[in-house]
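None of the values given here were measured: they were computed from a predicted structure. Both backbone and side-chain heavy atoms feed into the values below; hydrogens, waters and symmetry mates do not.
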Amino acid sequence: MSDMTQLPDLMPVLPEIFLAIGAMVLLMIGVFGGQRISFLVNGMSMGLIAATALFVLPFGAHFGETFGGAFVLDDFAYFMKILVLIGSFFAIAMSWAFAKSQAFDKFEYPVLIVLATLGMLLMLSANDMIALYLGLELQSLALYVVAAINRESVRSTEAGLKYFVLGSLSSGMLLYGMSLVYGFSGQIGFPEIAEVLAHEGASIGLVIGLTFVLAGIAFKISAVPFHMWTPDVYEGAPTPVTAFLAAAPKVAAMGMLIRIVIDGFQPVTTDWQQVIVFVAIASMALGAFAAIGQTNIKRLMAYSSIGHMGYALVGLAAGTQIGVEGVIIYMAAYLAMTLGVFACILSMRRKDGMVEEISELSGLSRTNLPMAILLAVLMWSLAGIPPFVGFFAKWFVFSAAVEAGLYPLAVIGVVMSVVGAYYYLRIIKVMFFDEPAEAFEAMPMELRFVLGLSGLFVIFFALMPGPIVQAASSAAGALF
């Protein structure tokens with residue numbers, strides 16, 4: 001009698017199973033209930049994500065590997081998954097007022113957000129190239145649809161098409177790189193690839209494959225030179241979709257990149273370090289200079305996002321545990337700042353609809369002082385001005401680069417921060433010193449809540465950095 005095949009341990013993957021089943025249930029509710037219950041699906045989606053974060057992750061799962069080592073749950077995956085779930089939860093919450101005012105009440109939207117979130121969670125726990133690609137494509141396919149979800153808008157349709165075409169190109173590059181890595185190493189698992197590299201070194205073919213893999217992932221984090229989709233998609237997609245694209249997917253893609261280069265290619269750090277250094281410098285420079293002339297605040301945030309991914313990569317370029325810790329802290333700060341800014345952008349609404357021009361913020365301090373003050377704080381933080389969280393985030397990544405001997409990279413990062421501060425400070429000048437424009441409608445309660453939480457984190461991080469820094473340290477330690 002032959003032995004029965006042993007079933008894999010499903011406890012580490014319980015959050016993903018819970019989220020997948022929940023997404024299917026929500027889809028069926030939406031299909032049979034129609035658009036009239038879209039707000040119910042919205043609320044249930046938020047409840048599903050919150051339950052995953054508050055119940056399943058802490059109590060229902062335990063650290064370990066499953067599916068033959070293809071899926072791993074460790075401190076790093078756990079911390080980054082919490083960030084992703086927070087980003088997805090608030091992205092759905094911020095869409096409520098927009099849905100009411102802009103005929104955006106589609107039940108498909110929150111379901112697609114949940115499916116994209118499922119893909120992100122899989123990406124963060126992927127421990128081999130096949131699992132990574134499956135998670136990445138699940139996320140990407142949902143995001144392509146959600147970018148073009150407003151079929152009545154030419155801009156939204158164009159944004160979705162651009163995102164799809166360029167995303168398909170990046171997926172092809174990623175797959176080609178993975179095939180080269182597999183061909184020259186004979187392995188698909190990251191620990192196994194690292195073992196081969198430690199014993200045999202890196203061949204030219206494997207380094208070329210690694211370069212293609214990094215290029216494919218650079219598209220997902222909007223890093224130069226694969227950033228070209230970002231400004232158009234950010235501007236064209238509905239604003240709640242842009243808020244989502246700017247937050248959780250960036251955190252997940254950065255976490256995926258960290259796991260690949262640290263778990264899989266740490267023995268050849270000098271090879272991938274050169275690529276990361278170039279991408280970091282190019283992203284910081286483009287983010288600093290290209291945003292200066294922008295008049296649309298969503299396009300400005302697109303270039304800001306490109307620049308901030310460059311700053312985060314400075315920490316990764318160090319290739320050390322302290323560097324990875326800095327990147328994790330940076331992504332937590334970036335998530336909080338981005339959600340707060342988009343809560344303000346979604347509040348730029350008058351009776352005749354949404355506005356997106358920076359000039360529409362003129363004199364905001366005289367028409368809505370609390371919003372002006374909090375938006376100014378967020379802009380100071382994005383610029384890296386102390387004592388806000390953005391300053392400490394940059395401090396961690398630049399310190400890691402200095403400790404690794406990457407002095408030119410750290411200096412370039414500081415200089416680009418000074419250049420980039422111009423367009424953030426220009427928004428503050430418009431709000432506080434220009435003649436007031438017509439007042440916006442009252443900020444909805446959910447946007448006030450998101451903006452308030454973001455502002456509290458940005459302002460008071462300096463007083464209580466311990467829990468975040470300690471959690472980031474544990475997360476980074478899991479990879480070394």
Side-chain angles (χ1 to χ4, degrees), residues 84 86-99 101-104 106 108-110 112-113 116-117 120 139-140 142-164 166-167 219-222 227-253 287 290-291 294-309 334-349 353-358 360-361 375 378-379 382 427 444 446-447 450-451 454:
V84 165
I86 290 171
S88 299
F89 178 86
F90 286 119
I92 297 175
M94 291 194 297
S95 68
W96 281 59
F98 187 91
S101 63
Q102 304 291 319
F104 187 67
K106 303 176 186 295
E108 297 92 343
Y109 172 70
L112 288 166
I113 295 293
T117 304
M120 292 179 225
Q139 176 219 242
S140 298
L143 293 184
Y144 298 151
V145 177
V146 88
I149 197 166
N150 188 1
R151 289 174 293 180
E152 308 301 319
S153 167
V154 175
R155 290 170 62 198
S156 178
T157 306
E158 181 185 350
L161 184 60
K162 285 180 178 178
Y163 194 21
F164 171 70
L166 294 171
F219 174 91
K220 302 301 178 185
I221 61 171
S222 307
H227 65 284
M228 66 290 291
W229 63 274
T230 315
D232 291 338
V233 173
Y234 272 42
E235 183 182 8
T239 306
V241 175
T242 306
F244 179 64
L245 291 174
K250 297 293 179 66
V251 175
Q294 300 302 319
T295 59
N296 183 291
I297 194 165
K298 286 166 68 177
R299 286 187 76 88
L300 184 141
M301 288 304 296
Y303 287 109
S304 170
S305 172
I306 294 168
H308 282 288
M309 292 304 103
Y334 170 80
L335 179 69
M337 294 185 293
T338 300
L339 289 173
V341 170
F342 274 97
C344 293
I345 294 174
L346 281 162
S347 301
M348 295 172 60
R349 187 177 70 254
M354 299 287 296
V355 293
E356 297 174 2
E357 295 300 307
I358 294 172
E360 302 290 347
L361 292 167
L375 184 54
L378 292 168
M379 290 296 146
L382 286 167
I427 293 177
E446 61 270 20
L447 296 181
V450 174
L451 180 57
S454 174

A side-chain contact here means heavy atoms from C-beta on lying under 4.5 Å apart; do [X] and [Y] qualify?
{"X": "Glu158", "Y": "Asp232", "result": "no"}
{"X": "Ser305", "Y": "Tyr234", "result": "yes"}
{"X": "Met379", "Y": "Leu375", "result": "yes"}
{"X": "Gln139", "Y": "Thr117", "result": "no"}
{"X": "Lys220", "Y": "Pro249", "result": "no"}
{"X": "Ile358", "Y": "Thr295", "result": "no"}
{"X": "Met354", "Y": "Phe98", "result": "yes"}
{"X": "Met94", "Y": "Leu339", "result": "yes"}

About how many Å separate [atom2] of [Y] and [atom1] of [X], when rounded to the nearest 0.5 Å?
{"X": "Leu245", "Y": "Thr338", "atom1": "CG", "atom2": "OG1", "result": "12.0 Å"}
{"X": "Met309", "Y": "Lys250", "atom1": "CE", "atom2": "NZ", "result": "5.5 Å"}
{"X": "Leu346", "Y": "Glu446", "atom1": "CG", "atom2": "CD", "result": "9.5 Å"}
{"X": "Glu356", "Y": "Leu300", "atom1": "CD", "atom2": "CG", "result": "12.5 Å"}
{"X": "Leu143", "Y": "Leu112", "atom1": "CG", "atom2": "CG", "result": "9.0 Å"}
{"X": "Leu161", "Y": "Tyr144", "atom1": "CG", "atom2": "OH", "result": "11.5 Å"}

Measure from the side-chain N and O atoms of [X] to the backbone N and O of [Y], and report whether any donor-acceptor pair falls under 3.5 Å.
{"X": "Thr157", "Y": "Ala148", "result": "no"}
{"X": "Ser304", "Y": "Gly287", "result": "no"}
{"X": "Tyr334", "Y": "Ala246", "result": "yes"}
{"X": "Lys298", "Y": "Ala237", "result": "yes"}

Where [X] and [Y] come nearest, the two heavy atoms and their spacing:
{"X": "Ala290", "Y": "Gln294", "result": "O-NE2, 3.1 Å"}
{"X": "His308", "Y": "Leu382", "result": "CE1-O, 3.2 Å"}
{"X": "Ala147", "Y": "Ser156", "result": "O-OG, 2.9 Å"}
{"X": "Pro231", "Y": "Arg299", "result": "CB-NH2, 3.5 Å"}
{"X": "Ser454", "Y": "Gly340", "result": "OG-CA, 3.4 Å"}
{"X": "Ser222", "Y": "Ile306", "result": "O-CG1, 3.4 Å"}

Quick one: which of Ile297, Thr242, Leu451, Val450 gives a side chain to side chain contact (heavy atoms under 4.5 Å, CB included) with Phe342?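 The passing option is Thr242.
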Tell me every residue that passes side-chain contact (heavy atoms from CB on, under 4.5 Å) with Val355, counting only those two or more places apart in sequence or in another chain. Met348, Arg350, Glu360, Phe440
Residues forming a side-chain contact (heavy atoms from CB on, under 4.5 Å) with Ile86, sequence neighbours excluded: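 For Ile86, the residues satisfying side-chain contact (heavy atoms from CB on, under 4.5 Å) (neighbours in sequence not counted) are Ile82, Phe90, Leu335.
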For side-chain contact (heavy atoms from CB on, under 4.5 Å), just list the numbers for Val233 and Leu166, CA-CA rounded to whole Å, side-chain angles, deciding distance to a tenth of an Å, and then say yes or no. CA-CA 11 Å; Val233 173; Leu166 294 171; over 6 Å; no
Under the side-chain contact (heavy atoms from CB on, under 4.5 Å) criterion, do Phe164 and Ser140 qualify, and how do the steps go? CA-CA 8 Å; Phe164 171 70; Ser140 298; over 6 Å; no
Applying salt bridge (charged side-chain N to carboxylate O under 4.0 Å, His left out) to Glu108 and not counting sequence neighbours gives none
